[in-house]
Amino acid sequence: MRNLLPLISSHPGGRSSLTCRFRCGDACFKETPNTSDNEYAGDIIARAVSRRSMMRAAAVVTVAAAAGTAALTGPNAPQAEAAALAGHGHKPPHKQAPSGARGLRFSPVAPNKDDKVTIPDGYSQNVVIRWGEPILRGAPAFNPDKQSAKAQAGQFGYNNDFLSLLPLRGERGRQVLVANHEYTDEILMFRGYDPANPTREQVEIAWAAHGLSVVVVQEEHRTGKLGPVSRHPLNRRLTATSEFRVTGPAAGSDLLRTSADRTGSRVLGTLNNCAGGTTPWGTTLHGEENFNQYFANGNTAEHKRYGIGTGATERKWERFDRRFDLAKEPNEANRFGWVVELDPYEPDSTPRKRTALGRFKHEAAQPRLTSDGRPVVYMGDDEKFDYLYKFVSSKRMKKGTSRAAREHNLTLLDEGTLYVAKLTGDSPAAEIDGTGKLPTDGEFDGSGVWIPLATGTTSHVPGMTADEVYVYTRLAGDKVGATKMDRPEDVEPSPRTGRVYVALTNNSDRGKEGKAGADEANPRNANKHGQILELAENWDDPAGDGFAWRLFLVAGDPNDPATYFSGFPKESVSPISCPDNVAFDDHGNLWISTDGNQLGSHDGLFGVATHGDRRGELKQFLTVPTGAETCGPVIQDRRVLVAVQHPGEVDGASVEKPASIWPDGPGKIVRPSVVAVWRKDGRDIGV
């Protein structure tokens, strides 16, 4: 047996302390915000609930353990359940076809620590756009020593994360690229930066580097190379000072009113936009994640539950704008932590913060449609021991691109019901010992329920008003006993099967004294590497209130007995650690980007088969440069896009002492960028 890969132990989650400071406000070293004593799955398992009754509850969505090719629902579901129960835990032998699953037929990239984007043999790449490249009319060329807030507001923002590529009708070879800009690392942006005494100019540049970018990109003929079309009419920048509308049931609430906005309906800026989603009606969704770190002097229990500190912030923005000082504006933080909806085809439109989807650290928001056309949005709250949510709209999507259809569809996410998940395992509690050892039935699996929190102006949570549920959604989850998860990040429904995949990145606090211990959905204490959960709604109805689940992948070194790849032979998979963003290709493969690799390699992008006799086959497609994280994957037939976020973000690094020379070589400032990868022969990716 091969030796286990080395662990990286310098900082929780494998990140540098510099990343923790600027990205999430050092959340790893602060008290876990969820100190509630609500039940978690381990408590529920201990009750006298038989495995048979739980499986009966999820009968129509029992996982077809044999090969994973059959749908989880359908007219033969009871028979499928009986077959699955009869052979539970048994996996048929895998055919070792050398080419691999369709869409994954490439030579996997080996783990490495090279300061570049490493891609498979036979593939090419280019940098699509870098931080600071001008995209608006009148914006100057990037000069890191002569930056200004005005210049940055017309240039591509910093630390790109979520990406979406949308079609652009009538302009051949062009698409619309939408990007999130999650956060700024001023130490890597400004020469001689003094963290204790930032200047107003530096702060205002940082405000302008946050937010969203919309930029049209042009494909180069005969290759997969993309480049920005500067000054295109659709190009747009939205920053920390742009205007956003608040919509939905909590709009106008007293909890959202401030001295600058007494209506509670207009907000300046969007902050810490992490992942997102693309809607069937042609808009993009953007999750406001670690917004808590921008606000100083928190002084309420609600502030504490959202991780807002009682003192000064890292960036000291409160010195330059009173709204970031909660001692002066206690409600300002309540205006962040939402899902933002943007219409990239209307450059003069005002983006909307959708309160019906709840307020927490949104990693992402990806809709699917019910059979009658209502959108359902799945969402994770990226914090240790926080929850998985979904929103079910009460309105149906209108098809077409007419003005009337577009205006109607822009109201879909304002009316409906918000739910939180409670998961139950189907194995005896004694079999979940915190080591990651599979229970005797051969899988970590079970059933679950969606607990309603609020519908419109009606609260379903005793002791909380509807406004309180939407603004303090975490507290509502606490009250109803939602399951504490290992940092639920991106959540994506498969467009082929309807199954929902949840990236659970890690949780180093699982099982610590006073903290929730291992349960079947989160089976490892001190969880360094994370897992991916697969969820199937009862009757394949995304609007329903019950589901079946199982762990699709338990990440880590394949030589570690605590890892699991849906039964695929572990000697034939790539090592993976800390799954974060996920996306699907047209073959039904799940693509996974990582954040904080704990296995001695740089972060990367991986593809894994979700069905067929190669289900669980996982291959690494690329790695990113020193200090970087892989974000925002977009998987097209002939192109893969990734956002290379925070390259060079290594402890001790600065503009004067860079830890990376990517993307432009020695003597150039390190710049977060978007990268495109394609096959040299022009054929589809991985076929």
Query raised in the report: Can you tell me if CZ on R105 sees more than 12 non-hydrogen neighbours from other groups inside 6.0 Å?
Result: yes

Query raised in the report: If you count the non-hydrogen atoms of other residues, nucleotides and ligands that lie under 6.0 Å from CZ in R231, is the total more than 12?
Result: yes

For [X] and [Y], which I'm curious about, is there any donor-acceptor pair between the side chains at under 3.5 Å?
X: E288; Y: H362; result: no
X: S107; Y: D121; result: no
X: E363; Y: N581; result: yes
X: T247; Y: D414; result: yes
X: E243; Y: T350; result: no
X: Q293; Y: E314; result: no
X: Y183; Y: N290; result: no
X: T505; Y: D580; result: no
X: H286; Y: T284; result: yes
X: D161; Y: Q645; result: yes
X: S164; Y: T278; result: yes

Distance-only, no hydrogens or angles: does the [X] side chain make a donor-acceptor pair with backbone N or O of [Y] under 3.5 Å?
X: D261; Y: S265; answer: yes
X: R335; Y: L256; answer: yes
X: D603; Y: S593; answer: no
X: N589; Y: R102; answer: yes
X: R237; Y: G154; answer: no

Query raised in the report: Can you find a heavy atom in the side chain of L369 that is under 4.5 Å from one in the side chain of V376?
Result: no

Query raised in the report: Do F391 and M379 come within less than 4.5 Å of each other through their side chains, counting heavy atoms only?
Result: yes

Report task. Please confirm whether K361 makes a cation-pi placement over F291, using NZ or CZ under 6.0 Å from the six-membered ring centre and within 45° of the ring normal. Result -> no

Report task. Would you please classify the geometry between the F295 ring and the F336 ring as parallel, tilted or perpendicular, with 30° and 60° separating the classes? Result -> tilted

What about the rings of [X] and [Y], do their centers lie closer together than 6.0 Å?
X: W131; Y: F142; result: yes
X: W317; Y: H210; result: yes
X: F621; Y: F606; result: no

Requested in this report: Could you walk me through whether E219 and R638 pass the salt bridge (charged side-chain N to carboxylate O under 4.0 Å, His left out) test, one step at a time?
Outcome: CA-CA 12 Å; E219 182 178 45; R638 298 193 177 186; over 6 Å; no

Report summary line: Result for ring-ring contact (aromatic ring centres under 6.0 Å, His included) between H181 and one of Y158, F162, F156 points to F156

Query - Distance, nearest 0.5 Å, that separates OG of S349 from CG of L410 - result: 8.0 Å

